[in-house]
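The structure under discussion appears below in the form of structure tokens.
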Amino acid sequence: MVKAIEATGIPVVHICTIVPISQTVGANRIVPAVAIPYPLGDPSKTPEEEKVIRRAILEKALQALKTPIKEQTVFN
Amino acid sequence: MTYKIVHYINQFFAGIGGEEKADFRPESREGAVGPGIAFKAVFGKEAEIVGTVICGDGYFAENMDEASEKVLKMIAAFNPDAVIAGPAFNAGRYGTACGAVSDAVGKKLGIPVVTGMYPENPGVDMYSKDIYIIKTSDSARGIKDAVPAMAKFIMKALKGGSVGSPAEDGYIERGIRVNCFHEKIGAVRAVDMLIKKLNGEEFTTEYPMPVFDRVPPAEPIKDMKNALIALVTSGGIVPKGNPDRIEASSASKYGTYSIAGVKSADEVAYATAHGGYDPTYANSDPNRVLPVDVLREMESSGEFKKLYDYFFSTVGNGTSVASAKKFGAEIGARLKKDGVDAVILTST
């Protein structure tokens, strides 16, 4: 899906936990997530702390979308 | 005994003509024609090319069902023991025709059949699961290797030999798994492989990964403050009750749902339809997969202009690449039309 959407010329950032799969499939902008069942959260934390985690990942995602790249890039 | 073989070729290899003769209709001839003569030399007395069926690539491509049927009838008329098609190398329409003919022969006549193609021939994508396609080079220069390989394969099949692995018998993987006993257990083989990998030595995986095509990176967003951003997920978050009945695995569809005015993907209104991970955490706070709450805050504070009014969701669990491609293409087309500048796609 990432590639088919990006093929229209719209940049896509893929937020995912298993980065190697995303790389194999061919996402160009990749932001690692927390865990498979909660990519943008962490149930062991308070809801407020979770939001901080979520925001940090999304900030990184926006940063990735602003960054010119020539090849697959993981934004750690 | 001498086996009777029929050969299928196109107008070019039959010496009838090039592109200008691509509309050549199916025709049957006695004996070997064109590359059939090379096969004849390899077969010697073991097999004989009793007939050759020829069809123009253009005609075949434009009338696939009709052409297949006609060619099949002409092949059957020779009452052969086996059929050879091509090799087609990297010729797309010829490869498709060889694939269609081979598939029809295998399914309808039930006799051994083999063709040959370059791995990137579109005929491979279409037929490699159904037929044996010997791997060839991309042009007719590779005929001296292709002919003996195809001949060897078909003779083995005719003599009742069982088909070996793709590497042993030189054909393109069909995606068939065969159980066998190995002298070493899996753990030992895995460690052997790992050691070779660590030592930088060559090793052969027992589970090759599919090769995926690539899309060049799109241009970045220059003006984030004015950007319209859309949210897409393969994590299966849907309005509670899963109105589109998106399947928990092998999804055949995706959903398009309005989030206009929605401040948070809360647990009252949303849940996951995904059957491939523990849904406890996504269901107790769907924002963990579909981060609407924080994106709304970022939208309010002006980090980007607007979150697109709809989100798209499917279940990425055993979903075929073909389905995912189709979903992506449809979603992309809609987002493009609506002037979306960038996409955040979350996966579980």
Side-chain angles (χ1 to χ4, degrees), chain A residues 1-45 47 50-73, chain B residues 209-210 212-222 224 227 229-230 232-235 254 272 276-282 284-285 287-291 293-295 297-298 303-304 312 314 316 319 321 324-333 335-336 340-348:
Chain A
M1 281 209 293
V2 172
K3 273 188 303 185
I5 296 172
E6 187 139 321
T8 66
I10 301 173
V12 181
V13 58
H14 192 204
I15 300 178
C16 63
T17 305
I18 318 289
V19 172
I21 294 184
S22 181
Q23 287 173 312
T24 306
V25 176
N28 288 316
R29 293 177 168 86
I30 303 167
V31 170
V34 178
I36 292 172
Y38 39 88
L40 291 113
D42 186 346
S44 71
K45 302 279 183 358
E50 277 201 271
K51 268 189 148 181
V52 173
I53 294 169
R54 187 140 66 237
R55 178 177 279 268
I57 295 171
L58 289 166
E59 298 283 0
K60 232 179 265 173
L62 292 192
Q63 192 55 48
L65 290 169
K66 286 196 278 190
T67 309
I69 55 167
K70 287 223 155 41
E71 54 187 15
Q72 286 189 304
T73 307
Chain B
M209 299 306 288
F212 294 96
D213 52 348
R214 292 283 181 253
V215 168
E219 288 297 313
I221 300 295
K222 293 199 176 64
M224 189 55 84
I229 292 183
V232 181
T233 187
S234 66
Y254 63 93
T272 183
Y277 64 91
D278 178 353
T280 315
Y281 312 105
S284 60
D285 183 1
N287 289 295
R288 287 169 176 154
V289 178
L290 189 78
D293 60 350
V294 171
L295 284 172
E297 290 175 15
M298 294 165 84
E303 290 187 52
F304 60 91
F312 302 86
T314 190
T319 303
V321 173
K325 232 182 201 172
K326 182 173 145 262
F327 303 163
E330 288 177 16
I331 293 168
L335 296 180
K336 189 85 193 166
V340 167
D341 297 299
V343 169
I344 295 175
L345 195 152
T346 67
S347 288
T348 44

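The sequence lines fix the lettering, A, B, ..., with proteins before strands; numbering per chain opens at 1. Only heavy atoms go into these numbers, but all of them, side chains included; no hydrogens, no water, no symmetry mates. Keep in mind that this is a model prediction, so the values were computed, not measured.
At a 4.5 Å heavy-atom cutoff, the contact between A:Glu50 and chain B is made by side-chain atoms alone. Looking at B:Thr233, only its backbone comes within 4.5 Å of chain A, counting heavy atoms on both sides. Proximity to chain A (any heavy atom under 4.5 Å) is restricted, for B:Ala333, to the backbone atoms N, CA, C and O. When heavy atoms are compared at a cutoff of 4.5 Å, B:Phe304 approaches chain A solely by way of its side chain, counted from C-beta outward. For B:Pro279, no part lies near chain A; criterion is any non-hydrogen pair under 4.5 Å. For a residue to count as touching a neighbouring chain, one of its non-hydrogen atoms must lie under 4.5 Å from one of that chain's; by this rule B:Ile229 touches chain A with the side chain only. Heavy-atom distances place the backbone of A:Gln23, and not its side chain, under 4.5 Å from chain B.
Comment: B:Glu297 does not engage A:Arg54 in a salt bridge, judged by the lack of any side-chain N to carboxylate O separation of less than 4.0 angstrom.
In terms of heavy atoms, B:Tyr281 sits closest to A:Pro43 at CD2-CG, 3.2 Å. In this structure, B:Ala324 and A:Met1 approach most closely via the heavy-atom pair O-CG, 3.3 Å. For the residue pair B:Ala329 and A:Ala4, the shortest heavy atom distance occurs at N-CB, 3.4 Å. Shortest non-hydrogen contact noted between B:Gly328 and A:Ile5 is O-CG1, 3.4 Å. Between B:Asp278 and A:Pro37, the shortest heavy-atom contact is O-CB, 3.6 Å. Here the shortest heavy-atom pairing between A:Pro39 and B:Val289 reads CD-CG2, 3.9 Å.
Under a 3.5 Å cut-off, the side chain of B:Arg214 and the backbone N or O of A:Asn28 do not form any donor-acceptor pair.
Distance check: B:Asp293 CG to A:Leu58 CG gives 8.5 Å after rounding to the nearest 0.5 Å. Separating the NZ atom in A:Lys3 from the NZ atom in B:Lys325 is a distance of 6.5 Å, to the nearest 0.5 Å. Here the straight-line distance linking atom CG of A:Leu62 with atom CD1 of B:Ile221 works out to 9.5 Å at 0.5 Å rounding. Expressed to the nearest 0.5 Å, how far CD of A:Gln63 lies from CE of B:Met224 amounts to 8.0 Å. The distance from atom CD1 of A:Ile30 to atom CG of B:Leu345, rounded to the nearest 0.5 Å, is 11.5 Å.
For the options A:Ala7, A:Pro11, A:Gly41, heavy-atom pairs under 4.5 Å to chain B are most numerous at A:Pro11. When B:Val340, B:Asp285, B:Thr346 are compared by the number of non-hydrogen pairs under 4.5 Å with chain A, B:Thr346 comes out ahead.
Heavy-atom neighbours of A:Lys60 NZ from other residues, nucleotides or ligands within 6.0 Å: above the threshold of 12.
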Notebook entry, point to check: Could you go step by step and tell me if A:Leu65 and B:Ile344 meet the side-chain contact (heavy atoms from CB on, under 4.5 Å) rule?
Noted result: CA-CA 9 Å; A:Leu65 290 169; B:Ile344 295 175; 4.3 Å; yes

